[in-house]
Structures are given as C-alpha cells and as structure tokens.
Amino acid sequence: MDAKRSIAETLLDWYDRHARTLPWRAPPGVRPDPYRVWLSEVMLQQTTVATVRPRFEAWVARWPDVASLAAADEADVMAAWAGLGYYARARNLVRAAKAIAADHGGKLPDTEDALRALPGLGDYTAAAVAAIAFGRRAVVIDANVERVVSRLCRAAGKPAVRRAAEALTPDQRAGDFAQAMMDLGSAICSPKRPKCLLCPLADACAAHRAGEEEAFPVKPAKKPRPTRHGTIFWLERAAAGGGLEVLLVRRPAKGLLGGMRALPTGPWTETQPGLAEAPAAADWTMLNQQVSHGFTHFTLELALAVARWDAHSAPIAAEWWRVDDLAAAGLPTVFAKAAKAIGRVR
DNA sequence: TAAGCGTGGCT
DNA sequence: TAGCCAAGCTT
C-alpha cells in the first residue's frame, strides 16, 4: 500500500474492484432503495449472507415496500420469518413499518438519530442505513469492522475499536466504506486463517506485522451452555375432509420464539418433565425417540408425546392445522424438527 | 451490565 | 464433525 494514501482510499479502491453483487445492493453510483437496505440489515443481524439471500428475495417479492409491510398480517410476517431465528426482528420490522407509515410519511427517515429511534434499529443498523441508503457519514461497527479494525490497529476492547473506526471512516462514501469493510472481513480478514496475502491493507496492519492476526479481536470467555429437558405434544385428529390435523398453539409475544406458531410444550426443566402440563387429558404415547436442539444459551432435549383427539373442539385455545400443510404454518426450526421426527411430515 | 434471544453455513 | 460464528437488539 502506498503510505501516502489513506486506509479508506485503499479499501475503497479494492471495493470498486471486488465488491460482491448482492440483491440489496444497487449498481455502482446508484443510491439503493432504503427499504431494501433496512430489510437486508435486519435480516443480516447475526445471520449469514448465504442464509439471507433467498429469504430476502422472497420477502421483497411479497412485501416490496414500507406500505405493504405496514399493512401486512402479522401472523403472515411471523410465518415468513420462520427458520431465520431471533424472531423479535420480525415483530420489530412490522412495528417499525407502521411507525414509518404513521410518523414519516411512509419513507424511512434519513438521519442516524431518527433511524435509531425505530424499533429493531440499534447503533449498528441505524448507522448502516444512514450511510448506505442516504449517504450520511456514519461510523458503522459490526463484527466485521470490529475484526478488521482491531487487527489493523491492534485495538483491544470496544472503546478502542470505536475510536479507531471513527478515525478511519471517510467523510465521503461512508456507506461504501462500511460495505467494503464487511466484504473484506468476509472474504479476506476472516476470524480463522485470514488471507493476508490477498489483503489490500496488509502493509498497514499492525496485527499482521506482529504475526498475531488471530489474537484480535479479543473475545470474552464463553460460558458453558446448560441442557434443559422438555416434552413436545403432538395431538392429532381426523380432518373433516379426510387426512389429519394437528394442534398448534401460538407462543407468548415475548421471550423465546415469541409470537411464533408452535407445537404445545410443557415446562423446560433440569430433569425430564414427562407429561407435565400436557395440553389435553389424552392417552399419550411417549415415542422412543428424542429431539435435540441447540439455542444460543442452552441445549434442549425433547421427548415426544403423541395422542389422538376424538372430540370436535380443541382442548385449549389453539388451532387445528392440516398436517399436509404443516410447512406453511411457519414453525420455528425446533418444532419443524420435532414434527419430522414424529414422522407425520414428509 | 450482562443475559436473553435462533439458526444454518462453514471448517 | 462438533464447534464456531455471524451485517445485533432489548431489557
């Protein structure tokens, strides 16, 4: 790297040659659609590009703008988010769309502060949308930027990384700069075995010169992940037009898998709870099979109980769902996994 | 402030 | 292959 050129100039030149083509990005020199930028940033929170890409395409085909999302049925939105995880993101997307429609004339606000006030937009997303969609100078810090900057400057700790990022962020093209950092972090400056031979910033990188690339960023120690035990209840009945229906509930709006359709479960406890809190007094059969599912902060070991329900009404507040259409129910992965294990789903 | 909150791709 | 990890936010 030419020592007289800034890191930002060098990185932007690299980006002009190597930028990934992604469905939420506009062609060079074109301002992208703020709605698509916002949606992509929310989908990409803690989620990989490979996972997001097809989900983004399907989403914008169904809800192409703020107005359509603000008017959407929330149950449809939650079902469309199924499998992406962190379901508060979907709830907040709808809340924010309504706020944008009501308070901002249907257009995303174009300042970092106003964006930050919307539900689901934190420091990172507000800065990213302001910079990428509106050309604002904003300091965008995600895990990629943290990794690249901490290595460049051997900066340990978030305050030091923020100071360094502030100093590096250019006044012009701050959005491209942020995306360049992310592309670099994804393709070159990876957590393990970074490809420093290909890095345009290698000569300027303090960690590289010291041979300690993988020592940055400094990560806090991980805590052990406990195991909890529970039971999933599969209650089925004959459908009116033939076939089978299964009882689905909606989970409470807050907390784990909040607002999502679900199979009924009992308590999640340290020891196997068996048939505790079954949704009906039925003749339950415990299957000789368990389902294991890892959440962020604990692992769930699930027993599977199945029963038949002959009465017409549902035993609890719930809905009967055709088993043949279960894929359209939008079940979180843990329940989709259980349904598959129970064998009622192809 | 630290804990709660999901999932799938990648190595 | 079993961890590791990701374009974080909320309370």
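The sequence lines fix the lettering, A, B, ..., with proteins before strands; numbering per chain opens at 1. What you see is a predicted model; the values in this text were computed from it and never measured.
- A:Trp59 has its side chain within reach of A:Trp81: a pair of non-hydrogen atoms, C-beta onward, lies under 4.5 Å apart.
- Here, B:dC5 and C:dC5 have their P atoms 22 Å apart, quoted to the whole Å.
- Along DNA chain B, the nucleotide nearest to A:Arg89 and the one nearest to A:Lys192 differ in position, and the one closer to the 5' end is contacted by A:Arg89.
- Residues from residues 221-229 of chain A placing a heavy atom under 4.0 Å of any atom in DNA chain C, listed by number, are A:Lys222.
- The same atom, P, is picked in B:dT11 and in C:dA7; the two are 13 Å apart, to the nearest Å.
- Here the side chains of A:Thr51 and A:Leu44 are not in contact, with every heavy-atom distance at 4.5 Å or above.
- For C:dT1 and B:dG8, the C1' atoms lie 15 Å apart once the distance is rounded to whole Å.
- Regarding contacts with the backbone of B:dG9, every side-chain N or O of A:Thr51 stays at 4.0 angstrom or more from both OP1 and OP2.
- Interatomic distance, CG of A:Leu263 versus CZ of A:Arg261, reported as 12.0 Å (0.5 Å rounding).
- The distance between atom CZ of A:Arg53 and atom C1' of B:dG8, rounded to the nearest whole Å, is 16 Å.
- The separation between A:Met43 atom CE and B:dG9 atom P is 15 Å, rounded to whole Å.
- With salt bridges taken as basic N to acidic carboxylate O contacts below 4.0 Å, one links A:Lys158 and A:Glu146.
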Problem - side-chain contact (heavy atoms from CB on, under 4.5 Å) between A:Phe134 and A:Thr111, worked out - result: CA-CA 8 Å; A:Phe134 297 112; A:Thr111 66; over 6 Å; no

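- Mapping A:Phe295 and A:Arg193 onto DNA chain B by nearest heavy atom places A:Phe295 at the nucleotide closer to the 5' end.
- Residue contacts for A:Gly294: at a heavy-atom cut-off of 4.0 Å it reaches a base atom on one of the strands shown.
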Fill in the blank from the handout: Once base and sugar-phosphate atoms are separated, protein heavy atoms under 4.0 Å mark nucleotides 6-11 of chain C, 5' to 3', with B, S and - as BBBSS-

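- A salt bridge is absent between A:Arg36 and A:Asp33: the closest approach of a Lys/Arg side-chain nitrogen to an acidic carboxylate oxygen does not fall below 4.0 angstrom.
- Between the C1' atoms of C:dG8 and B:dT1, the separation comes to 16 Å (whole Å).
- Look at A:His297 and you won't find any side-chain N or O under 4.0 angstrom from OP1 or OP2 of B:dA2.
- A:Trp81 has its CH2 atom 13 Å from the C1' atom of B:dC5, to the nearest Å.
- Without hydrogens or angle criteria, A:Thr169 side chain to A:Ala165 main chain gives a donor-acceptor distance under 3.5 Å.
- Between A:Arg154 and A:Glu212 there is a salt bridge, since at least one side-chain N of the basic residue sits less than 4.0 Å from a carboxylate O of the acidic one.
- B:dG6 atom C1' lies 10 Å from atom CZ of A:Phe298, rounded to whole Å.
- Residue-level contact check: A:Leu84 touches the bases, meaning some heavy atom is under 4.0 Å from a base atom.
- Salt bridge A:Glu245/A:Arg237: present, at least one basic N to carboxylate O contact under 4.0 Å.
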